[in-house]
Amino acid sequence: MTSGATPLGLGVLASGRGSNLQAILDACARPGFPARVVVVISDRERAQALERARAAGVEARFINPKDFADREAFDLALVREFTARQVGLVCSAGFMRILSPVFVRAFAGRVVGVHPALLPAFPGLHAQRQALAYGVRVAGATVHFVDDGVDTGPIILQASVPVHPDDTEETLSARILLEEHRLYPDAIRLFAEGRLTIAGRKVLIR
Ligand code: GAR
């Protein structure tokens, strides 16, 4: 970011621990990082992610899915919250709900997510457990644009990690998580600097 330029406003969706949110908050605190988190929204009242947001002085909101008739109505409420705060990029960071087409359409090309596997391998829940059960020797992390499928959007960045014979779900998850925390801010920077173009399934990086 050149000095004086307005940083890109990020809206983060998180359901739990929020370690990826923390990596994003830490990156945003670095001088010259071209983005800042304007709001964190969770579908779980007790999500640690909300505490992390408050600790960083960022607005934290719980929106209860039970207050809405259906998935679309909840997602439209998210759209309203982000639009009201002029969010330029939505970051799904451990948000354990599939975003419906109404949300993805409203923020077309402006929603990114992180997944603990080398997509398209092992989408969905418990990716690390799936990788261990399959017997792969290499696992990893992916940051991707979000579409209305499950972890199916165009891939921005990936990093691999080895799988060791004595790995458990916990040890492998921890190794992958380090890469998630590195990749996610890198991808946000690329987006904020206008260096990403989606061309079909591919993301071109300038
Ligand atoms: C992360 O490992 C993220 O990749 C995964 O949930 C975890 C959230 O951790 N997301 C998915 O599996 C999405 N399909 P965090 O709350 O500490 O960031």
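In each ligand, atom 1 is the first atom listed, and ligand 1 is the first ligand listed.
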Between D43 and F74, is any pair of side-chain heavy atoms under 4.5 Å apart? yes
Using a 4.0 Å heavy-atom threshold (strictly under), name the region of V150 that reaches ligand 1: side chain, backbone, both or neither. neither
Does a sphere of radius 6.0 Å around CZ in R97 hold more than 12 heavy atoms from other residues, nucleotides or ligands, not counting ones at 6.0 Å or beyond? yes
Side chains of L8 and V87: closer than 4.5 Å at any heavy-atom pair? no
Step through the shown structure and confirm whether more than 12 heavy atoms of other residues, nucleotides or ligands are within 6.0 Å of CD on E72. yes
Between T142 (side chain only) and Q158 (backbone N and O only), is there a donor and an acceptor less than 3.5 Å apart? no
Indicate if F33 and L25 have the same hydrophobic cluster label, given that clusters are the connected sets of ILVMFWY residues with side-chain heavy-atom separations under 4.5 angstrom. yes
Of S19, P116, G18, the one whose closest heavy atom lies nearest atom 5 (C) of ligand 1 is P116
Check whether the side chains of R52 and Q22 place a donor and an acceptor atom closer than 3.5 Å, and report yes or no. yes
Can you pull out the closest protein heavy atom to atom 14 (N) of ligand 1? Residue, atom name and distance to 0.1 Å, please. H115 ND1, 2.9 Å
Of all the non-hydrogen atoms in the protein, which one sits nearest to atom 6 (O) of ligand 1, and at what distance? M96 CE, 3.4 Å
Closest approach of any protein heavy atom to atom 9 (O) of ligand 1, naming residue and atom: R17 NH2, 3.1 Å
Which ligand 1 atoms are under 4.0 Å away from a heavy-atom of D151? 14 (N)
Protein heavy atom at shortest distance from atom 2 (O) of ligand 1: E180 OE2, 3.0 Å
Counting both backbone and side chain atoms, is some N or O of Q128 under 3.5 Å from an N or O of ligand 1? no
Closest candidate by heavy atom, reference atom 8 (C) of ligand 1, pool A93, G124, G16, G94: G94
